[in-house]
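Some notes on the structure that comes next.
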Amino acid sequence: MAGPETPSYRYDASTAADIESRWQYWWRAHGIYETPDPGDPPTAEGRVLAEQPKLFVMDMFPYPSGSGLHVGHPLGYIATDVYARFKRMTGFNVLHTMGFDAFGLPSEEHARQTGQHPRTNTEANIANMSRQLDRLGLGHDKRRAVATTDSSYYHWTQWIFLQIFDSWFDPERNRARPVAELIAELDAGTRTLDSGDEAGPTPPSAWNALDDTAKRRVIDGYRLAYMAEVPVNWCPALGTVLANEEVTAEGRSERGNHAVFRRPLKQWMMRITAYADRLLEDLDRLEWPESVKVMQRNWIGRSSGAFISFPTDAAETDAVRVSIEVFTTRPDTVFGATFMVLAPEHPLVDILTAESWPADTDPAWTGGATTPAEAVARYRDQSGRRSNTGRAEDRAKTGVYLGRDAIVAVNGSPIPVFIADYVLMEYGTGAVMAVPGEDQRDREFAETFGLPIIRTVQPPPDHPDGEAYPGEGPAINSGFLDGLGVDDAKACIIEWLEVNGVGSGAVTYKLRDWLFSRQRYWGEPFPIVYDDTDLPIALPETELPVELPDLVDWAPRALDEDSEPEPPLGRVPEWTTVELDLGHGLRRYRRELNTMPQWAGSCWYYLRYLDPTNSEALVDPEVERYWMADSNEEGPGGVDLYVGGVEHAVLHLLYARFWHKVLYDLGHVSGSEPFRRLVNQGYIQSAAYQDSRGVYVPADEVEGSARSGFTHRGRSVTRTFGKMGKSLKNSVTPDDMYVAYGADTLRLYEMFMGPIDQDRPWQTRSVVGSQRMLQRIWRNVIDENTGELRVSDEPATDDLRRILHRTIDGVRSDMEDLKFNTAIAKITELNNELTRRTGATPREAADALVRMLAPLAPHLAEELWHRLGGEGSVTRAEFPTPDPAWLLDDTIEVPVQVNGKVRGRVEIAADADEAAAVAAALAEPGVVAHLRGQVPSRQIFVPGRMITFVV
RNA sequence: GCCCGGGUGGCGGAAUUGGUAGACGCGACCCCCUUAAAAGGGGUUGCCCGUGAGGGCAUGUGGGUUCGAUUCCCACCCCGGGUACCA
């Protein structure tokens, strides 16, 4: 690398490689990054670190993908490392480590492509990614690393599942409780069954009359983890069902972009909806980006309104008349309801469908069918086929009349009942009262089918006649509501509905229960077996972990739309059944064959970092309290800083919060939230090049420049920017950077590129700037030619001291605020100042410089620290503290404005009063020239800032 | 459509509560060192007019408030992300 003329002791890539490998070895040998827990013995330095305030810093752990890391991946890891190192140097006991999230679709799909077993692949990938990460010099406590695929880890994933399975949500206490308590209350008669329970026709009081199987069925209906036949997202190409969160708006799988079909299947569900309000309310207490909070709020989708019953003359039995129940956020507009719409698959449709069309039925309402039943059948067929893709506003309103009317309870008017696919079965009650005056969708339907439109809310004069007005009021044409604003009108009508028994105020959510089972191999097996009742039985804790059997034929089969999911675990006859004694003697049980979704392992890994090898418990309670407990003054405890990509805004972060709250309710954790503070790091983008066909070509083979044009193998290509990765063929690997510049330079460059939460384009040619900076720092401490220290013990000049302390002050606050880019700029300025001054660097300046550099470029800082005679590791040194005496200047330069424009600058005493400052300003030639002899009509003096004259 | 972000030199980006716009770096240009190149060092670098001193214009656009606006208010344009027949 170094040419014949290069000084022998220059800091270059080979020097960096030498320094970095030496100190990484030394750090490992001395356990420098091992974080003590409460109760651990004092360190070699005699300090009991756990007596310091704690700080838990965490990254979203990666999938061990086969292609390894590109320089975009470690951005967040470097940021947390810099912060963790800074906080360590300012007196915190910092927990920082890293694990691997290795179960789930990504690993399995990758294994499928490479034709290897997922475990082989996963282990190789973990080894490769660990090597790449280690090379960065991240200060992780390696003893605490976990992989979700280790049975010693998923043992506890299964254990948590059992906790959830053995719990129910008590709405009165608004928290989860053990199922055993529910059974005890039912047995004692202190609780009776709700009418909605799966007890069928059995009267609620008759719990004690049920046989054991019926009781189990009732209890299963209460559990937070339960099985239900629900409409699910069946993805035949992946051979599995998917959670709503894993399906795109286009109705395709997030992974692989395969077609997804809605169909009812019996699956495991998690009752996350029970926690909707707490998940919503507690967001306010979190230090998270507002955008992520908004996304979670929208996903939970709380809306308040009312359920309203609309009676019909259809008969369920001779005695019972069918009423249609709707949910509306605007019960105040009920006087404007001119028709009703049910989702085509609504269970009441068959009962409501009339025998024949009533006289004078508009032919447009019948869909050309001779009977309502025929119209319904045809419409269902047609809308079922139609994919869910396409934009809502592009879709014309369609539907058919059922030949039946319903009655609006407030005024007794009969209104026709339709089915239409613009009403979704999944939301509310799957039926709406259509109010075309105030709802644009209802209005479009009304216009298509010639239905009456009544305004019951007064629109402003400039509101277009042809549009619905969903505004605030006042109410018109609404009987006793007329004149009221929306809030009063809602309250008034809800009271009326409740008094008259035809409705009630209510809250609904968009959030659905979490579909928790997958028909894949590479996941955690459920700790569940079945007996001949086909009801699930939790395995006792002594049976954990339920190990994932080693399958040769593990790959999912790609199936077609109408096929049944086929869990690969069902292919191992010796595993699918098991002989156990569960208290009824030795019997044969059937195992659950599904596996858990990839989110399961990542829902709780932060807890395992606390106590990764504990074989008796998820985490030791004392250790858990130390790291995670809520603080009374500052709100929720938990992870103090969690950094990761915004793509997990709803999936992982919502699931993890849910599990944490269940564990909190059951007393297993001491804080109500897992992640107190969240930061989304930006993406590193990189130039990508497409040929004339639009195909991406490898970016590292492209030649040319923006001015001359870009070419690939002689053909011209066009440049775009995008997220670094395989698909755009624009990855830059950290390995290349290690070779060309070293890890410290890469770290410094990534932190210098811009604010941590901002996307930024990667520019390899700019990396050299960060290397030069380290080189100049090195040169201010070490003589390049001799390798000798060039530091003097002479005191620094007052001037240098002021610069030094101002830098320390600024760097401290920038680091505290995660503003590493400006912290680096300030260190650079100080270093430039030292470069400008010839002669040896004063030791006090070199010492502070090295300490400030330590979080950013730990290897170089460690090297210089030791050369300067430092004891132990710079990791454990104290971060410099500014001396306030040196933060103030005797004199300052302030600008002088005339009529708002800067016309000169004057040097005045820092504590100069207005009179002195103005006198100085009026003596400044540039100011005199612009005043042109006039006396200012006004003068403004901002101490320390500026002087302004107005003429 | 709705909800969040964001528009500052050739490029990445700085600018406490409204108070010197462009810190720091990349690139470019000039110079030093060198037989030469690379590396390294020194200098210049928002745009326009002017030899110069100096002047004018500049933080997406147009208004407003103010002695003074990148910062506050109103309207609009563009880019990125989320979401979408949610009753």
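In what follows, every chain begins at residue 1, and chains take the letters A, B, ... in the order their sequences are listed.
Taking atom CD1 of A:I300 as the reference point, atom P of B:G82 lies 19 Å away to the nearest angstrom. In this structure, A:N298 atom CG and B:U83 atom P are separated by 9 Å, rounded to whole Å. Between A:Q763 atom CD and B:C11 atom P the separation is 11 Å, expressed in whole Å. To the nearest angstrom, P of B:G25 lies 13 Å from CG of A:L830.
Salt bridge A:E816/A:R812: absent, no basic N to carboxylate O contact under 4.0 Å. A salt bridge links A:D439 to A:R441: one of the charged nitrogens lies within less than 4.0 Å of a carboxylate oxygen. Taking 4.0 Å as the cut-off between side-chain N and carboxylate O, A:E290 and A:R297 count as a salt-bridged pair.
Under 4.0 angstrom from either OP1 or OP2 of B:G25 there lies at least one side-chain N or O belonging to A:N832. Between B:G41 and A:R776, a contact under 4.0 Å exists linking OP1 or OP2 to a side-chain N or O. Contact between the side-chain N/O atoms of A:Q897 and the OP1/OP2 oxygens of B:U20 is not found at any separation under 4.0 Å. Between A:K901 and the phosphate of B:C57, there is a side-chain N or O to OP1/OP2 separation shorter than 4.0 Å. OP1 or OP2 of B:G27 lies within a sub-4.0 Å distance of a side-chain N or O belonging to A:R772. In this structure, A:R779 reaches the B:G41 phosphate: one of its side-chain N or O atoms is under 4.0 Å from OP1 or OP2.
Under the 6.0 Å distance and 45° angle rule, A:K397 counts as a cation-pi partner of A:Y422.
Contacts of A:V294 with the nucleic acid, taken as non-hydrogen atoms under 4.0 Å apart, involve only primed sugar atoms and P, OP1 or OP2. Among the protein residues, A:V898 comes within range of no part of the nucleic acid, since none of its heavy atoms lies under 4.0 Å from any strand.
A donor-acceptor pair is defined here as one N or O able to donate and one able to accept, closer than 3.5 Å; such a pair exists between the side chain of A:H346 and the backbone of A:T429.
Of all nucleotides listed (B:A87, B:G40, B:G12), B:A87 comes nearest to the side chain of A:L424.
For B:G9, the base adopts the syn conformation, since its glycosidic angle falls within 90 degrees of zero.
Legend: residues meeting side chain to side chain contact (heavy atoms under 4.5 Å, CB included) with A:R945, ordered by chain and number and at least two apart, are A:V942.
A donor-acceptor contact under 3.5 angstrom links the side-chain atoms of A:T948 to the base of B:G19.
For the 3.5 Å distance criterion, the side chains of A:E438 and A:T456 qualify, holding a donor opposite an acceptor.
A heavy-atom distance below 4.0 Å to RNA chain B is reached by these residues of residues 810-829 of chain A, ordered by number: A:K819, A:N821, A:T822, A:A825, A:T828, A:E829. Annotation: proximity of residues 755-762 of chain A to RNA chain B (heavy atom, distance under 4.0 Å) is found for A:P755, A:Q758, A:D759, A:P761, numbered in ascending order.
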With side chain to side chain donor-acceptor pair (under 3.5 Å) as the criterion, how do A:T508 and A:Y427 come out once you've worked through the C-alpha distance, each side chain's angles and the decisive distance to 0.1 Å? CA-CA 8 Å; A:T508 61; A:Y427 187 76; 3.1 Å; yes

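Residues A:M815 and A:L818 form no side-chain contact, since every pair of their non-hydrogen atoms from C-beta on lies 4.5 Å or further apart.
Comparing A:V894 and A:Q771 by the nucleotide of RNA chain B that holds the closest heavy atom to each, the one mapping nearer the 5' end is A:V894. The nearest heavy atom of RNA chain B to A:R905 and to A:E426 marks one nucleotide each, and the one closer to the 5' end goes with A:R905.
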